[in-house]
Amino acid sequence: MSEIICAATENKRKRLGSYALVMCACATLALPMAAQRQGPLPPPPGTAVPSIAPAEPTRTNAPRQEASSRINTDAPAVPVQQIIQKFTEHEDEFRKERENYTYTQFVIMQTIDDDGQPDGEYRLTSDILFTPSGKRYQKDVFAPVSTLSRIQMSQQDFDDIEKVWPLVMTPDELPKYDVKYVGREQVDEVGTYVFDITPLRMEKGQRYFQGRVWVDDKDLQIVKTRGKATGLLKKKEDQAFPTFETFRENIEAHFWFPTYTRADDVLHFKSGPDVRIRVSVKYTNYKRFGSTIKIGKPTQVDPEKP
């Protein structure tokens, strides 16, 4: 993880700072076909979004604002451990399925001044594609010079957007976490099981999720995530990471694809002033590439010539 030196005050006092961000190709998706079931929340008014709105998947219903009911803490009809086992198995199926898709990612991160206006911005638009031979790669199509001056992204930020923000809780990941059943909650038309997730122990160089997930009670897949990315930091590192929310939509069959991540939070550093940030990550234009492809972590490479 990299240290970050932020802007100095008038007497040129330096401070360290770091914030978490950028997006990732292995993350999540949204198809250009009609969504079968609407996700629990669309992007809210006032949230940072691309100046040119990306093409959205065709939807059967217009987006609605989230409406959550109170959590029912009664024991579910199905044993909790069975629910956890089933939903992590379904998450593993989804992880394999999403790796067959191309899509476009829009990342915007802004620092916000005392008047509520952006005073610095980072943008990146990338296409996640496959070469004719089936090798997955990331093509950055819009990457203007960053105007951020009060914070800077570190490697942890990139890792978080790739692996933590679009959380997929598979059986392999499950032993790393304490998963506690909270209850049942209705989010829009979606009935959900609610779980709180906390890392059991953390290892050097690894990033983890800490927060709450909402699992669809029919398809048994995560439909909403809210929390923070966390991990071990060196004693002298001064880093801060925002609380984020990721929303999924039922795009194909019983699979729920992450389509939107947002954060609007104040980063508290050990030294220097607090910094408010606003983030949006959108995943759009998802298309299935095929069933016989080489699956791997997206990397920035040049497409093969025909």
Side-chain angles (χ1 to χ4, degrees), residues 24 26-29 36-41 66-100 159-203 206-232 241 243-261 283 295:
C24 181
C26 262
T28 55
L29 314 84
Q36 296 178 9
R37 297 174 65 192
Q38 182 83 15
L41 189 80
E66 180 184 37
S68 298
S69 60
R70 293 182 178 180
I71 294 179
N72 181 345
T73 59
D74 293 343
V78 180
V80 170
Q81 289 304 316
Q82 183 176 335
I83 296 173
I84 294 173
Q85 178 185 349
K86 289 295 184 182
F87 98 71
T88 55
E89 290 174 353
H90 290 181
E91 285 285 287
D92 195 38
E93 293 175 8
F94 163 68
R95 177 188 62 81
K96 297 173 183 177
E97 176 68 12
R98 74 175 184 182
E99 290 173 336
N100 294 322
D159 292 343
D160 291 345
I161 301 218
E162 177 181 352
K163 301 174 183 178
V164 181
W165 288 30
L167 178 71
V168 180
M169 182 61 67
T170 66
D172 289 341
E173 293 293 316
L174 188 58
K176 302 177 183 178
Y177 292 93
D178 177 30
V179 181
K180 292 183 177 180
Y181 178 75
V182 178
R184 300 191 64 171
E185 184 174 16
Q186 189 77 15
V187 183
D188 280 349
E189 77 279 12
V190 182
T192 67
Y193 298 112
V194 184
F195 295 90
D196 282 342
I197 298 178
T198 306
L200 288 172
R201 56 184 176 275
M202 293 186 284
E203 298 180 2
Q206 300 297 314
R207 300 294 291 168
Y208 302 87
F209 170 77
Q210 183 169 345
R212 177 166 290 187
V213 299
W214 287 256
V215 176
D216 178 78
D217 60 8
K218 294 182 176 61
D219 294 330
L220 292 179
Q221 267 197 263
I222 294 174
V223 297
K224 179 181 174 182
T225 304
R226 177 189 294 149
K228 282 191 175 186
T230 186
L232 297 178
F241 304 96
T243 297
F244 69 88
E245 293 181 300
T246 297
F247 306 96
R248 296 192 191 183
E249 290 184 35
N250 179 212
I251 299 298
E252 180 188 15
H254 61 279
F255 294 117
W256 291 76
F257 289 79
T259 55
Y260 187 76
T261 297
Y283 313 89
I295 298 174

Report summary line: On a heavy-atom basis, the closest approach of P175 and P171 is CD-O, 3.1 Å
Query - Rounded distance [0.5 Å steps], CZ in R207 versus CE in M202 - result: 9.0 Å
Query raised in the report: Is there side-chain contact between V213 and I197, with heavy atoms separated by less than 4.5 Å?
Result: yes
**Report entry** Closest approach of D178 to K180 (non-hydrogen atoms, all atoms of both residues)
**Finding:** OD2-CE, 3.0 Å
Query raised in the report: Would F209 and M169 satisfy side-chain contact (heavy atoms from CB on, under 4.5 Å), going step by step from the backbone distance to the final call?
Result: CA-CA 10 Å; F209 170 77; M169 182 61 67; 5.6 Å; no
Report task. Rounded to the nearest 0.5 Å, what's the gap from CG on D92 to CZ on R95? Could you check? Result -> 4.5 Å
Report task. Please tell me if the side chains of V182 and R212 come closer than 4.5 Å, counting only heavy atoms from C-beta onward. Result -> yes
Query raised in the report: Step by step, would you call L167 with T246 a side-chain contact (heavy atoms from CB on, under 4.5 Å)?
Result: CA-CA 8 Å; L167 178 71; T246 297; over 6 Å; no
Report task. Keeping the roles fixed (side chain from Q85, backbone from T88), state whether a donor-acceptor pair exists under 3.5 Å. Result -> no
Query - Gap separating the NZ atom of K86 from the CG atom of L220, nearest 0.5 angstrom - result: 8.5 Å
Query raised in the report: Is a donor on one side and an acceptor on the other found under 3.5 Å between the side chain of R248 and the backbone of I222?
Result: yes
Report task. Could you tell me whether the side chain of Y208 and the main chain of E203 form a donor-acceptor pair under 3.5 Å? Result -> yes
Query raised in the report: Closest approach of F257 and E97, non-hydrogen atoms and distance?
Result: CZ-CG, 4.4 Å
Report task. For the pair D160 (side chain) and K163 (backbone), establish whether a donor and an acceptor sit closer than 3.5 Å, ignoring hydrogens and angles. Result -> no
Query raised in the report: Hey, do the aromatic rings of F195 and F87 have their centres closer than 6.0 Å?
Result: yes
Query raised in the report: Does NZ or CZ of R98 come closer than 6.0 Å to the centre of the six-membered ring of Y283, within 45° of the ring's axis?
Result: no
Query raised in the report: Are W214 and R226 close enough that some pair of their side-chain heavy atoms sits under 4.5 Å apart?
Result: yes
Query - Nearest-0.5 Å distance that lies between atom CD in Q210 and atom OG1 in T243 - result: 10.0 Å
**Report entry** Verdict with reasoning, V190 to W256, per side-chain contact (heavy atoms from CB on, under 4.5 Å)
**Finding:** CA-CA 12 Å; V190 182; W256 291 76; 4.2 Å; yes
**Report entry** Exam field: side chain Y181 to backbone I84, donor-acceptor pair closer than 3.5 Å
**Finding:** no
Report summary line: Nearest heavy-atom contact between P76 and V80 is CG-CG2, 3.8 Å
Query raised in the report: Is a side-chain donor or acceptor of T192 paired with a backbone partner of E185 at a separation under 3.5 angstrom?
Result: yes
Requested in this report: Mind checking the CG-CG spacing from L200 to L174? Nearest 0.5 Å is all I need.
Outcome: 9.0 Å
Query raised in the report: Considering only heavy atoms from C-beta outward, does the side chain of Q221 approach that of E91 to under 4.5 Å?
Result: yes
Report summary line: In terms of heavy-atom contacts, I83 and V78 come closest through CD1-O, 3.7 Å
Query raised in the report: Would a 4.5 Å heavy-atom cut-off, applied to side chains only, mark F255 and E93 as touching?
Result: yes
Query raised in the report: Can you tell me if E173 uses its side chain to pair, donor with acceptor, with the backbone of V168 under 3.5 Å?
Result: no
Query raised in the report: Hey, what's the ring geometry for F244 with W165, parallel, tilted or perpendicular (30° and 60° as the breaks)?
Result: parallel
